[in-house]
Student: 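Below are the structure tokens for one structure; questions will follow.
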Amino acid sequence: MAPGPEHEEAPLSVVQEAIWYTSRLHPRRLTYNETIPIRKRGSLDAEVLERALRELVRRHESLRTNLRVVDGRPVQVVGEVPDLELPAVDLSHLDPAEAEAAALARVAEVDGAPYDLRRGALVRPLLFRFPEEHRLYLGIHHVAFDGVSLARVLMPELIALYAAFAEGRPSPLSDPPVRYVDYARWEQEWIASPKAE
């Protein structure tokens with residue numbers, strides 16, 4: 001099947017539908033809030049990491065897609081690439097126990113804030129500098145990714161992008177061959193087909 005136009009409103013995938021209905025029933029529920037800790041020993045260039053995160057969000061439309069109601073039905077709408085910023089907190093002056101407690105308290109604030117699936121960012125990065133390591137907490141709503149996406153796509157790509165940008169090279173990654181909105185459209189067409197019935 002051919003991909004659809006780049007800025008169309010697309011139907012939700014089956015998984016997105018389930019998450020959307022749950023979010024409508026319980027808008028303040030935090031069930032689908034995901035926060036991934038990523039540690040790096042030694043030095044880290046925060047500006048390079050911010051650039052790598054921006055490129056990751058540019059590459060993957062699901063990280064900037066909102067779910068809205070249009071003509072009485074839920075659709076996914078891909079937003080423009082946001083000017084993503086990476087807030088950084090320096091905890092290197094604190095003793096290890098204090099630094100850990102301060103980081104966990106801040107992460108709990110971020111993780112405890114509901115996402116508005118209709119508008120706003122689905123990615124919330126937060127970087128902490130510890131005495132001997134850096135720790136990135138990447139908050140992402142589950143509607144934008146799952147465990148397989150994390151292990152097989154997001155982490156390898158973030159590592160590759162950071163390494164390339166740190167060396168002054170361009171992105172080594174080609175754009176994804178399939179868009180998630182196209183997958184959702186194909187899935188809904190199949191569900192409505194005689195074959196699925």
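Just so we're clear, the structure is a prediction, and the values are computed from it rather than from any experiment.
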Student: Looking at L161 and A52, what are the two nearest heavy atoms and their distance?
Tutor: CD1-O, 3.7 Å
Student: Atom OG1 in T65, atom NE2 in H60: separation rounded to 0.5 Å?
Tutor: 12.0 Å
Student: Side-chain contact, heavy-atom cut-off 4.5 Å: L86 with L53?
Tutor: yes
Student: What residues form a salt bridge (charged side-chain N to carboxylate O under 4.0 Å, His left out) with R59, not counting sequence neighbours?
Tutor: E157, D175
Student: Any salt bridge (charged side-chain N to carboxylate O under 4.0 Å, His left out) involving residues 97-115? Give me the pairs, sequence neighbours left out, ordered by first then second residue.
Tutor: E100-R135
Student: Check whether any side-chain heavy atom of T35 lies under 4.5 Å from a side-chain heavy atom of L138, and answer yes or no.
Tutor: no
Student: Between the side chains of Y21 and E17, does any donor sit under 3.5 Å from an acceptor?
Tutor: no
Student: Show your working on side chain to side chain contact (heavy atoms under 4.5 Å, CB included) between I36 and L150 and close with a plain yes or no.
Tutor: CA-CA 9 Å; I36 305 129; L150 173 66; 4.1 Å; yes
Student: Any chance the side chains of S23 and Y32 put a donor and an acceptor closer than 3.5 Å?
Tutor: no
Student: Could you tell me the separation between the CZ atom of R54 and the CG atom of L84, rounded to the nearest 0.5 Å?
Tutor: 6.5 Å
Student: Applying salt bridge (Lys or Arg N to Asp or Glu O under 4.0 Å) to E189 and R185, what does each step give before you reach the verdict?
Tutor: CA-CA 6 Å; E189 287 172 3; R185 184 167 55 87; 3.4 Å; yes
Student: With a 3.5 Å cut-off and no angle check, do the side chains of Q76 and E9 form a donor-acceptor pair?
Tutor: no
Student: Is the shortest side-chain heavy-atom distance between L154 and L63 below 4.5 Å?
Tutor: yes
Student: Taking side chain as C-beta onward, heavy atoms only, is L94 less than 4.5 Å from F130?
Tutor: no
Student: Kindly indicate, with the supporting measurements, whether the criterion side chain to side chain contact (heavy atoms under 4.5 Å, CB included) is fulfilled by F128 and D90.
Tutor: CA-CA 6 Å; F128 293 99; D90 188 355; over 6 Å; no
Student: Side chains of R118 and V69: closer than 4.5 Å at any heavy-atom pair?
Tutor: no
Student: I'd like to know if the side chain of S13 reaches the main chain of A184, judged simply by a donor and an acceptor atom lying under 3.5 Å from each other, with no hydrogens or angles considered.
Tutor: no
Student: Keeping the roles fixed (side chain from N66, backbone from L117), state whether a donor-acceptor pair exists under 3.5 Å.
Tutor: yes
Student: Within the 4.5 Å heavy-atom criterion, are P11 and V75 side-chain neighbours or not?
Tutor: no
Student: Hydrophobic clusters here meaning ILVMFWY residues chained together by side-chain heavy-atom distances under 4.5 Å, can you tell me if L56 and L173 are in one?
Tutor: yes
Student: Closest approach of M155 and I38, non-hydrogen atoms and distance?
Tutor: SD-CD1, 3.5 Å
Student: For P170 and A164, which heavy atoms make the closest approach, and how far apart are they?
Tutor: O-CB, 3.6 Å
Student: Without swapping roles, check the side chain of H141 against the backbone of V143 for a donor-acceptor pair under 3.5 Å.
Tutor: yes
Student: Look up atom CD in E187 and atom CG in D182, then write down how far apart they are to the nearest 0.5 Å.
Tutor: 12.5 Å
Student: Evaluate salt bridge (Lys or Arg N to Asp or Glu O under 4.0 Å) for E132 paired with R41, printing each intermediate quantity in order.
Tutor: CA-CA 6 Å; E132 296 182 7; R41 303 288 280 170; 3.6 Å; yes
Student: Please round to the nearest 0.5 Å and tell me the distance separating atom CD of Q16 and atom NE2 of H142.
Tutor: 11.0 Å
Student: Please give me the minimum heavy-atom distance between L91 and A99, naming the atom from each residue.
Tutor: CD1-O, 3.4 Å
Student: Can you see which heavy atom on R129 is nearest to which on H134, and at what distance?
Tutor: NE-NE2, 3.2 Å
Student: Parallel, tilted or perpendicular for Y180 and Y183, by the 30°/60° rule?
Tutor: tilted
Student: Is it the case that over 12 heavy atoms from other parts of the model lie below 6.0 angstrom from the CZ atom of R169?
Tutor: yes
Student: So if you build clusters from Ile, Leu, Val, Met, Phe, Trp, Tyr with side-chain heavy-atom gaps below 4.5 Å, do W20 and V15 land together?
Tutor: yes
Student: List the steps, then state whether side chain to side chain contact (heavy atoms under 4.5 Å, CB included) holds for L136 with L158.
Tutor: CA-CA 12 Å; L136 172 67; L158 184 59; 4.2 Å; yes
Student: Minimum heavy-atom separation for F165 and S171, please, with both atom names.
Tutor: CE2-N, 3.6 Å
Student: Does any part of the side chain of P114, heavy atoms only, come nearer than 4.5 Å to the side chain of N33, both counted from C-beta?
Tutor: no
Student: Show your reasoning for whether side chain to side chain contact (heavy atoms under 4.5 Å, CB included) applies to F145 and L122.
Tutor: CA-CA 10 Å; F145 93 114; L122 298 179; over 6 Å; no
Student: Any donor-acceptor pair under 3.5 Å linking the side chain of E133 with the backbone of R39?
Tutor: no
Student: Does R124 qualify as a cation-pi partner of Y115, given the criterion of NZ or CZ under 6.0 Å from the six-membered ring centre and within 45 degrees of its axis?
Tutor: yes
Student: Starting from I140, can I reach I19 by hopping between I/L/V/M/F/W/Y residues whose side chains sit under 4.5 Å apart?
Tutor: no
Student: Could you walk me through whether E55 and R51 pass salt bridge (Lys or Arg N to Asp or Glu O under 4.0 Å), step by step?
Tutor: CA-CA 6 Å; E55 176 62 10; R51 184 177 166 210; over 6 Å; no
Student: Same cluster or not: V48 versus V81, using hydrophobic residues (I, L, V, M, F, W, Y) connected whenever any side-chain heavy atoms lie under 4.5 Å apart?
Tutor: no
Student: Measuring only between side-chain heavy atoms, which start at C-beta, is L127 closer than 4.5 Å to V89?
Tutor: no
